[in-house]
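Positions are given from 1 along the sequence.
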Amino acid sequence: MGTDVYGCVEVRNPSADEDWYEWPPWVRAMDLYPLYEQQDYASLGCLFGVRNAAGWDPIAAGRGLPPDVSPAFEEEFERTRALDPAVHSPTWVTWAELSEVDMDATPRGTRGALVLRDTRSPAREDRYWIADAWPPAVVNRLGPSLADGRPADTPYGTWTVGTTQVTYRRFTRRDAIGPGTGWDHVFAVMRALAPRFGPDGVRLVVYFD
């Protein structure tokens, strides 16, 4: 079965520490969907340690719900978990943490990213995360010449096989959660909220099923 992510961006009221303030400090600001609606395990592993076959050092794995989670999100999570026992791995991360992430970091279990682009349709691009062997789908597409060498022995670079342009390069956090992955929309919202609520006053809270 596949794994889906659900969640929201929360913000902390700047007046929450005042003596007169008597409401929940954190409020639900915006749902994760439709900002992010994909099912990319490279990103889930990179961010949260879920489906982490690539071997990332995850940014925010297994933290549970924040103790001061917004009432609206807590109610959603408890209701969903009661209906679906498969719900798992709630966690959270602040914009202060995300804004300091090293986007050039690489996962331990992946040697590189292989990008295939058909020169007849340049807009179409297929990406594969490469470990110790070339994926069968890649070998079938590019032929036996690729299968003759191991990823570990293949230098990074760009070459052409028939009508396919092949690029083999380092696989970094930027590939998993950078521009074009869908997470850039989530991060743009968090970045825009930070001047009002502070980097530690904006966070993403998620769970999975």
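- A distance of 4.0 Å separates OG1 of T164 from CZ of R141, quoted to the nearest 0.5 Å.
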Working note: R150 + D132, criterion salt bridge (Lys or Arg N to Asp or Glu O under 4.0 Å); need CA distance, chi angles, decisive distance, verdict. CA-CA 7 Å; R150 300 182 306 159; D132 292 323; over 6 Å; no
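- Between R12 and D17, at least one side-chain nitrogen of the basic residue sits less than 4.0 Å from a carboxylate oxygen of the acidic one, meeting the salt-bridge criterion.
- Using a 4.0 Å cut-off between charged side-chain N and carboxylate O, E97 and R63 make a salt bridge.
- Side-chain atoms of Q39 come within 3.5 Å of backbone N or O of T3 as a donor-acceptor pair.
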Test side chain to side chain contact (heavy atoms under 4.5 Å, CB included) applied to V206 and Y6, step by step: CA-CA 5 Å; V206 299; Y6 306 88; over 6 Å; no
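- Contact detail for P107 and A54: the closest heavy-atom pair is CB-O, 3.2 Å.
- The heavy-atom pair separating M190 from L204 by the smallest distance is CE-N, 3.6 Å.
- No continuous path of hydrophobic side-chain contacts links L65 to V202 [ILVMFWY only; heavy atoms under 4.5 Å].
- Atom CZ of residue R191 and atom CH2 of residue W95 lie 4.0 Å apart, to the nearest 0.5 angstrom.
- L193 and W92 fall into different hydrophobic clusters, where Ile, Leu, Val, Met, Phe, Trp and Tyr side chains are chained together by heavy-atom contacts under 4.5 Å.
- A donor-acceptor pair under 3.5 Å links the side-chain atoms of D184 to the main chain of G180, judged by distance alone.
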Assess whether side chain to side chain contact (heavy atoms under 4.5 Å, CB included) is satisfied between D126 and V115, documenting all intermediate values. CA-CA 6 Å; D126 296 311; V115 183; over 6 Å; no
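- Of all heavy-atom pairs spanning W183 and L32, the tightest one is CZ3-CD1, 3.9 Å.
- By the 4.0 Å N-to-carboxylate-O rule, R174 lies close enough to D104 to be salt-bridged with it.
- Residues R173 and W56 meet the side-chain proximity criterion, which asks for heavy atoms closer than 4.5 Å.
- Between the side chains of T181 and S43, no donor N or O sits under 3.5 Å from an acceptor N or O.
- Using a 4.0 Å cut-off between charged nitrogen and carboxylate oxygen, R81 and E78 count as a salt-bridge pair.
- Note that CZ of R79 and CG of D84 are 12.5 Å apart. Values are rounded to the nearest 0.5 Å.
- Both V87 and F73 are assigned to one and the same hydrophobic cluster, defined by single-linkage of ILVMFWY side chains at heavy-atom distances under 4.5 Å.
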Apply side chain to side chain contact (heavy atoms under 4.5 Å, CB included) to residues V138 and L114 and explain how you reach the verdict. CA-CA 9 Å; V138 172; L114 191 71; 3.4 Å; yes
Check against side chain to side chain contact (heavy atoms under 4.5 Å, CB included), V27 and V11: CA-CA 6 Å; V27 297; V11 295; 3.6 Å; yes
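- Cluster annotation: V186 and V93 are assigned to the same hydrophobic cluster (Ile/Leu/Val/Met/Phe/Trp/Tyr, side-chain heavy-atom contacts under 4.5 Å, transitive).
- Taking the charged nitrogens against the carboxylate oxygens, R203 and D200 have no contact shorter than 4.0 Å, which rules out a salt bridge.
- Residues E10 and V69 form a side-chain contact, since some pair of their non-hydrogen atoms from C-beta on lies under 4.5 Å apart.
- Side-chain contact annotation: S70 with R28, donor-acceptor N/O pair under 3.5 Å absent.
- Remark: side-chain polar atoms of T110 are not paired, donor with acceptor, to backbone N or O of I130 under 3.5 angstrom.
- At least one side-chain heavy atom of L98 sits under 4.5 Å from a side-chain heavy atom of F187.
- For Y33, the OH atom is loosely surrounded, since the number of other residues' heavy atoms within 6.0 Å does not exceed 12.
- Residues T119 and Q165 bring no donor and acceptor atom of their side chains to less than 3.5 Å of each other.
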Apply side chain to side chain donor-acceptor pair (under 3.5 Å) to residues T167 and T158 and explain how you reach the verdict. CA-CA 4 Å; T167 300; T158 299; 3.2 Å; yes
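- A42 approaches A176 most closely through the heavy-atom pair O-CB, 3.9 Å.
- The shortest side-chain heavy-atom distance between D209 and V5 does not fall under the 4.5 Å cut-off.
- Within the 4.5 Å cutoff, the side chain of L47 has heavy atoms near those of the I177 side chain.
- Under the 30°/60° scheme for interplanar angles, the aromatic rings of Y207 and F77 are found to stand perpendicular.
- Pairing each heavy atom of S89 with each of V50, the nearest pair is CB-CG2, 4.1 Å.
- Of the inter-residue distances, the one linking L44 atom CG with Q38 atom CD reads 10.0 Å to the nearest 0.5 angstrom.
- By the rule that hydrophobic residues join a cluster once side-chain heavy atoms approach within less than 4.5 Å of another member, L142 and Y156 end up as members of one cluster.
- Smallest separation of non-hydrogen atoms from P151 and Y168: O-OH, 3.5 Å.
- Y128 places no side-chain N or O within 3.5 Å of a backbone atom of G112 that could act as its donor or acceptor partner.
- Side chains of F208 and F48 form a contact here, defined as non-hydrogen atoms less than 4.5 Å apart.
- D175 is listed as a side-chain neighbour of R169, based on a closest heavy-atom distance under 4.5 Å.
- Side chains of E125 and L116 form no contact here, defined as non-hydrogen atoms less than 4.5 Å apart.
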